[in-house]
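The structure under discussion appears below in the form of C-alpha cells.
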Amino acid sequence: MTQSNLHYQIKVKDTHAHLFEVSLTFTPTEQVTTLSLPGWIPGSYLIRDFAKNIITINAQDTDNNNIAITQTDKNHWQLTSNKTVTISYDVYAFDMSVRSAYLDQKQGFFNGTSVFLCPKGLEDLPCILEIQPNFHQSNWKVATSLTTDKLYQFGTYTAQNYDELIDHPVILGDFDLHSFYVDDVQHDVVLMGKHYCDMERLCDDLQLICKTQIDFFGGQAPFSNKRYVFMTLVTQNGYGGLEHRDSTVLMCPR
C-alpha cells in the first residue's frame with residue numbers, strides 16, 4: 001500500500017452468520033475525513049440503504065492507536081487523523097439479489113456499493129482490492145471482470161478509481177465456467193448454483209447475439225479489460241439482471 005491508492009481487503013468471516021470482513025487502508029489528505037457508502041448502485045435507479053448492513057466498524061492508525069469513528073447520518077462516517085489509517089468493519093450479507101451482497105455455505109456474492117467505503121476527496125485514487133481465500137471452502141473460485149493477473153483466483157485485483165471498483169460485481173464459489181470469443185475478445189459465462197444447462201448451446205447462442213450487437217454498434221467491443229463476463233446466479237425461483245461496464249449479473253430460476 002502506498003499513499004497514492006486506496007487499499008481494500010475482503011474475506012469471508014462467517015458463512016453461517018452471513019458476514020464479510022472488510023478493511024480499507026488509506027492516507028488522509030485532511031485532518032477530518034468523511035467516509036460514505038453509496039445509497040445507489042450503477043444501473044439500478046432507486047435509492048438504497050446498503051449502509052444498514054455494516055454492523056461493526058473501527059479504525060486504527062499506523063501506530064495501532066484506536067481512532068474514534070462516528071456515524072454522522074445513514075451512510076456517512078467521520079474520523080480525525082493525519083496518519084495512514086485502517087478501517088475494519090463487518091458487513092451482513094443476506095440479500096439474494098443482483099443489487100446487494102449475499103453469503104452462505106455454498107456461495108458468496110457482492111457489489112462494491114454494498115461493501116466498500118469511500119473517503120471523500122479520494123475517489124479518483126487507484127484502488128487495490130485483495131480478495132482473500134476462504135480456507136473452509138477450498139474449491140471456491142472468484143468471478144469478476146476486475147483487472148488481475150490471475151483470472152478466477154483469489155488474490156489482488158485493481159481498479160483505476162472508486163467508480164470503477166464499484167462497477168465490477170464479484171461471485172465466490174464453485175461455479176461452472178465456459179468461454180467463447182467474438183472478434184478476439186473473450187466472453188466468459190459463469191453459472192453459480194445447481195443447473196441443467198446445455199453450456200455448448202448457450203455459448204453458441206450468446207456468441208451469435210454478441211457478434212450481431214458488436215457489429216451493429218461499430219464492430220469493436222467497448223470493454224475496458226478486453227473481456228466480458230456473464231455472471232449468472234441460478235436459484236430456486238429468483239430473477240433479475242443488472243448491467244455493468246464489463247459484465248452483467250443475472251439471476252434465473254433453474
Should [X] and [Y] be regarded as members of a common hydrophobic cluster, given that ILVMFWY residues are connected when their side-chain heavy atoms come within less than 4.5 Å of each other, either directly or indirectly?
X: Y239; Y: L250; result: no
X: L146; Y: F154; result: yes
X: I209; Y: L202; result: no
X: M199; Y: L208; result: no
X: I171; Y: L191; result: no

Can any side-chain N or O of [X] pair as donor or acceptor with the backbone N or O of [Y] at less than 3.5 Å?
X: Y162; Y: P119; result: no
X: Q207; Y: Y181; result: yes
X: D215; Y: G218; result: no
X: E200; Y: C203; result: no
X: D63; Y: N65; result: no
X: Y89; Y: A59; result: no
X: Q71; Y: D73; result: yes

[atom1] of [X] to [atom2] of [Y]: how many Å apart, nearest 0.5 Å?
X: I87; Y: I54; atom1: CD1; atom2: CD1; result: 9.5 Å
X: L6; Y: L129; atom1: CG; atom2: CG; result: 11.5 Å
X: S145; Y: D167; atom1: OG; atom2: CG; result: 8.0 Å
X: E123; Y: N161; atom1: CD; atom2: CG; result: 9.5 Å
X: E30; Y: L122; atom1: CD; atom2: CG; result: 9.0 Å
X: S81; Y: I69; atom1: OG; atom2: CD1; result: 11.0 Å

Plane angle bin for F116 and F110 - parallel if under 30°, tilted between 30 and 60°, otherwise perpendicular: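 Plane angle over 60°, so perpendicular.
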Y228 and F223 aromatic ring geometry - parallel, tilted or perpendicular at 30°/60° bounds: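 Rings of F223 and Y228: tilted, as their planes differ by 30° to 60°.
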D183 bridged to K211 by N-O distance under 4.0 Å: yes
Looking at [X] and [Y], what are the two nearest heavy atoms and their distance?
X: H244; Y: L242; value: CD2-O, 3.4 Å
X: W77; Y: T72; value: N-OG1, 4.2 Å
X: M96; Y: T235; value: SD-CG2, 4.3 Å
X: G112; Y: I166; value: C-CG2, 3.8 Å
X: M192; Y: K106; value: CE-O, 3.7 Å
X: A221; Y: K226; value: O-NZ, 4.3 Å

Could you verify whether a donor N or O on one side chain and an acceptor N or O on the other, from [X] and [Y], lie under 3.5 Å apart?
X: S23; Y: S88; result: no
X: N58; Y: Q60; result: no
X: D90; Y: Y92; result: no
X: N75; Y: S36; result: no
X: E130; Y: H7; result: yes

Under a 4.5 Å cut-off applied to non-hydrogen side-chain atoms, are [X] and [Y] in contact?
X: V190; Y: Y152; result: yes
X: D188; Y: F230; result: no
X: N53; Y: S114; result: no
X: C252; Y: V234; result: yes
X: R227; Y: L151; result: yes
X: F50; Y: N111; result: no
X: I67; Y: K83; result: no
X: Q137; Y: T15; result: yes

Does atom [atom1] of [X] have more than 12 heavy-atom neighbours, drawn from other residues, nucleotides or ligands, at distances under 6.0 Å?
X: Q31; atom1: CD; result: yes
X: D149; atom1: CG; result: no
X: Q160; atom1: CD; result: no
X: K11; atom1: NZ; result: no
X: D184; atom1: CG; result: no

Reference residue Q105; test side chain to side chain donor-acceptor pair (under 3.5 Å); the match among H16, H136, H18: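 Among H16, H136, H18, the one meeting side chain to side chain donor-acceptor pair (under 3.5 Å) with Q105 is H16.
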V170 vs Y157, side-chain contact (heavy atoms from CB on, under 4.5 Å): CA-CA, chis, key distance, verdict: CA-CA 11 Å; V170 177; Y157 292 78; over 6 Å; no
